[in-house]
Amino acid sequence: MATVKPFVCIRPREDVADRVAALPYDVYNREEAKAVVAKEPLSFLNIDRAETQFDDSVDTYAPQVYQKAKELLEGMIADGTFLTDEDKAYYVYELTMDGRAQTGIVACASIDDYANNVIKKHENTRADKEIDRITHVDTCSAQTGPIFLAYRANEVINGEVAKAKETPALYDFVADDGVRHAVWKISASDSVEKIQNAFSTIGQIYIADGHHRAASAVKVGFKRREANSSYTGEEEFNFFLSVLFPDEQLMIMDYNRVVKDLNGLSEEEFMSRVEECFTVKKSACQAKPEKKGDVGMYLSGKWYMLTAKDEIKSDDPVEGLDVAILQNSLLTPVLGIKDPRTDKRIDFIGGIRGLSELERRADSDMKVAFAMYPTSISELFAVADAGLLMPPKSTWFEPKLRSGLFIHRI
């Protein structure tokens, strides 16, 4: 059963919360991150991506970069930009985008639950990406980017969240991208106990987004256990910062593909190969898939709707995913994309950018684009429950959790 506990939160003053809150560190490249912090000096990207404080001759992963992150964090706590709450509490975090809200509980999850697969994963992680966040968390002695977790909805938790939202909000602001962020605090002992007990009855929690942040936080925790042989399991390094959302509120967006060339085929040869596994219909407008098994394709200024034939469908949790069907029936055998993680001929575009971005890419540096039907949260759960992994770039979650609103000291 899951251990999900309240914690002492370090958080920004209300009057600067909207300026501090930043998109996750991995949304930006170095140049983009520098532009953000130049525009907003209080942005948490200063800490999450402290290479922005140096000229480009300093390596992104140099030791002084992580020391700078620690220095900046300590400075913002010292000057009162960040406050430290006096009690352990849960927080309610609601994000509203395009009129649709999703509301989660900010809390700390257990590194043991991660290790014992109570917290389930659906993606592999890369060691090089882990090392960066391991060093950041360890140097700062703080977790600064929450992991996005999902669980099957629970009436008790829903009730406590609804009750909290009747109280005055700690924060309520609209970010530059139009997403509204609102936060409430749950510190009453009876409510805290009800939430903690409710989570203890939940058998599985799922990483929706943030696999590298989670793996890094867990590895720092185990590293600190090794350095503290008398640890009790209650130290803060045994837990990692998370926002947990009920499944009924989550929406996964499409994660689309563009490919650089047709693998030496003429367009006629390529279309003939596509028709072996898919029925193909021309579309007079952008072909946005409306159901599982459909894939929109854009080639040479024209849209087509591809529908998977029955013989390439599967009941397997992974092989039956639309992204897997496209990979196994078209990208690999026809376009020669054997490993989408490493092949430079393929790129991935989050659904938040729309189908016009697929057109732009296919008309410029790429050749053909594929618009996917979104993976469902139930499909994500099924893959994780089976102990399997999704193909790369299967899910795109929006809106993104902001960093800097909640910090957990370890």
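The distance between the ring centers of Phe199 and Tyr151 falls below 6.0 angstrom.
Both the sub-6.0 Å distance and the 45° axial angle are satisfied by Arg133 relative to the ring of Tyr25. Annotation: cation-pi geometry not satisfied between Lys400 and Phe148 (NZ/CZ under 6.0 angstrom from ring centroid, within 45° of ring axis).
Between Arg402 and Asp177 there is a salt bridge, since at least one side-chain N of the basic residue sits less than 4.0 Å from a carboxylate O of the acidic one.
Using a 3.5 Å distance cut-off with no hydrogens or angles, the side chains of Asn158 and Glu248 do pair a donor with an acceptor. Between the side chains of Asp247 and Tyr206, no donor-acceptor pair is found at a separation under 3.5 Å. For the residue pair Thr144/Asp48, the side-chain donor-acceptor check at 3.5 Å is satisfied.
For residues 325-378, there are no ring pair (Phe, Tyr, Trp, His ring centres under 6.0 Å) pairs, not counting sequence neighbours. Sorted by first and then second residue, the ring pair (Phe, Tyr, Trp, His ring centres under 6.0 Å) pairs with a member in residues 207-240 read His122-His211; sequence neighbours excluded.
Using cut-offs of 30° and 60° on the angle between ring planes, the pair Trp396 and Tyr255 is perpendicular.
Looking at Ser376 and Lys292, their side chains never come closer than 4.5 Å, going by heavy atoms from C-beta outward. Contact of the Leu389 side chain with the Glu123 side chain is not registered, since no non-hydrogen atoms from C-beta on lie closer than 4.5 Å.
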Review item, side-chain donor-acceptor pairs of residues 328-340, under 3.5 Å, at least two apart:
unit_1: Asn328; atom_1: ND2; unit_2: Glu319; atom_2: OE1; d: 2.7
unit_1: Asn328; atom_1: ND2; unit_2: Ala324; atom_2: O; d: 3.2
unit_1: Ser329; atom_1: OG; unit_2: Ile325; atom_2: O; d: 3.3
unit_1: Thr332; atom_1: OG1; unit_2: Gln327; atom_2: O; d: 3.2
unit_1: Thr332; atom_1: OG1; unit_2: Gln327; atom_2: NE2; d: 2.8
unit_1: Thr332; atom_1: OG1; unit_2: Ile337; atom_2: O; d: 2.9
unit_1: Asp339; atom_1: OD1; unit_2: Arg341; atom_2: N; d: 3.0
unit_1: Asp339; atom_1: OD2; unit_2: Thr342; atom_2: OG1; d: 3.4

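Screening Arg224, Arg409, Glu74, Lys70 for a side-chain hydrogen bond (donor to acceptor under 3.5 Å, both in side chains) involving Ser141 leaves a single residue, Arg224.
The distance from atom CG of Leu355 to atom CH2 of Trp303, rounded to the nearest 0.5 Å, is 4.5 Å.
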